[in-house]
Structure formats: structure tokens, C-alpha cells
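Everything below concerns the one structure shown next.
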Amino acid sequence: MTASLEPSVATADPAPVRIAVRNLLDNALRHGRTPGDPAGRAQVHVTVRGLVVVVADRGPGVAAADLPALRSRFRSPGGGSGIGLSLVAEVATAHGGGLTADTRPGGGAVFRLALGPREARRARGRRTVPRKSPVS
């Protein structure tokens, strides 16, 4: 696993954001194994920049068109419970952001968890707990 981390500050509820990031990492490590790697290792790269966390792997990838099904609870083509990505999407929405997925150039998947600006969360009537330290 490699990482590109910029100091970032988000006004967010830290517990669900931490769970969302953990779910993305867990999915990448479980499903992002590099095809043909005799050791079955997963190549995962994490980027944190501003209000966006990007998790990229070298597994079989996922088409953006398949993301709606992956975000539905209890529908997992990968053999999991189907809760992980649906929870990530809910956390993103609750924070005025979103979850996107794309294929990674050279193979694999890229998931982007974006948190919206504080004003977007207020407009939705969501209450958040201020976070003063960087989200990592």
C-alpha cells in the first residue's frame, strides 16, 4: 500500500467518515488483488487531498455504470455482505458529497469519497461534529 497524503481539515462527523474510509480500504485489499501476482498481493494507493479520499487498486476493476448496484445494500457481486459501499455512499451523502467509481488506467478500480463543504451539509439539515484535526 502506498499513500499520497496532504494535510487536510474537514468539518465532519469523524466516526462515520473513519468507517467509510476503512470500508474503501478493506474492499481494495480484498477485491483489488493484482491479476497474475503469484503471491496474490493487492496494489493499493490512497490519496487524501482536501475533502476527497481516493482509493485505487489493481484488481479486476468496476465500471462506473455498475456503481448504483454496488451501492445497494445486500447486493454484492464480490461475495461480501453488500453493506460496505452502500454505507460509504450514505456517509458521503450525509456530508454533502458523493461516491464515484472509475476504472483505473492500467487496470483496477478507483473509488473517490468526496465530502461536501460545511455549507452543503447545513443546507441539508444535517448536524455534524466539528473536526479540527486532519482526517487520515
Side-chain angles (χ1 to χ4, degrees):
M1 183 180 303
T2 58
S4 300
L5 308 174
E6 290 184 4
S8 300
V9 177
T11 302
D13 189 340
V17 172
R18 190 171 22 254
I19 291 169
V21 171
R22 183 177 62 215
N23 283 352
L24 287 176
L25 291 173
D26 182 58
N27 279 349
L29 292 170
R30 186 176 327 135
H31 302 291
R33 301 206 183 283
T34 307
D37 184 332
R41 292 175 291 221
Q43 291 181 20
V44 177
H45 184 74
V46 179
T47 304
V48 176
R49 181 173 296 128
L51 299 176
V52 179
V53 177
V54 179
V55 178
D57 65 49
R58 288 288 181 205
V62 61
D66 294 336
L67 186 59
L70 291 174
R71 288 194 284 200
S72 298
R73 288 182 185 259
F74 310 117
R75 293 177 65 189
S76 172
S81 66
I83 295 175
L85 289 176
S86 66
L87 182 72
V88 174
E90 287 178 20
V91 169
T93 300
H95 286 83
L99 173 67
T100 61
D102 291 302
T103 56
R104 184 177 182 185
V110 179
F111 285 88
R112 289 178 187 83
L113 166 63
L115 303 177
R118 185 176 185 179
E119 294 76 26
R121 291 189 298 281
R122 281 192 181 150
R124 293 174 186 254
R126 308 252 187 222
R127 184 170 173 259
T128 60
V129 177
R131 172 123 176 114
K132 297 295 183 188
S133 62
V135 175
S136 56

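These figures come from a predicted structure and were not determined experimentally.
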>> Run the side-chain contact (heavy atoms from CB on, under 4.5 Å) test on V54 and V46 for me, step by step, so that the C-alpha distance in whole Å, both residues' side-chain angles and the decisive distance to 0.1 Å come before the verdict.
In response: CA-CA 6 Å; V54 179; V46 179; over 6 Å; no

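- The line from OG1 of T47 to CG of L5 is 8.0 Å long, rounded to the nearest 0.5 Å.
- Nearest heavy atoms, A28 versus A42: O-CB, 4.0 Å.
- One finds the CG atom of D13 at 9.0 Å from the CZ atom of R18 (value rounded to the nearest 0.5 Å).
- Taking CG of D26 as the start and CG of L85 as the end, the distance is 10.0 Å to the nearest 0.5 Å.
- Across Q43 and R104, no two heavy atoms sit closer than the pair O-NH1, 4.2 Å.
- Atom-to-atom distance recorded for T93:OG1 and L99:CG is 8.5 Å, nearest 0.5 angstrom.
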What pairs of donor and acceptor atoms, side-chain ones from residues 107-117 against any protein atom, are under 3.5 angstrom apart with sequence neighbours left out?
| unit_1 | atom_1 | unit_2 | atom_2 | d |
| --- | --- | --- | --- | --- |
| R112 | NH1 | D102 | OD2 | 2.8 |

> V48 and V52: side-chain contact (heavy atoms from CB on, under 4.5 Å), yes or no, with the steps?
Replying inline: CA-CA 6 Å; V48 176; V52 179; over 6 Å; no

> Can you check side-chain contact (heavy atoms from CB on, under 4.5 Å) on H45 and V55, steps first, answer last?
Replying inline: CA-CA 6 Å; H45 184 74; V55 178; over 6 Å; no

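- Note that the CE atom of M1 and the CZ atom of R41 stand 14.5 Å from one another [nearest 0.5 Å].
- Side-chain atoms of H95 come within 3.5 Å of backbone atoms of V91 as a donor-acceptor pair (strictly under, hydrogens ignored).
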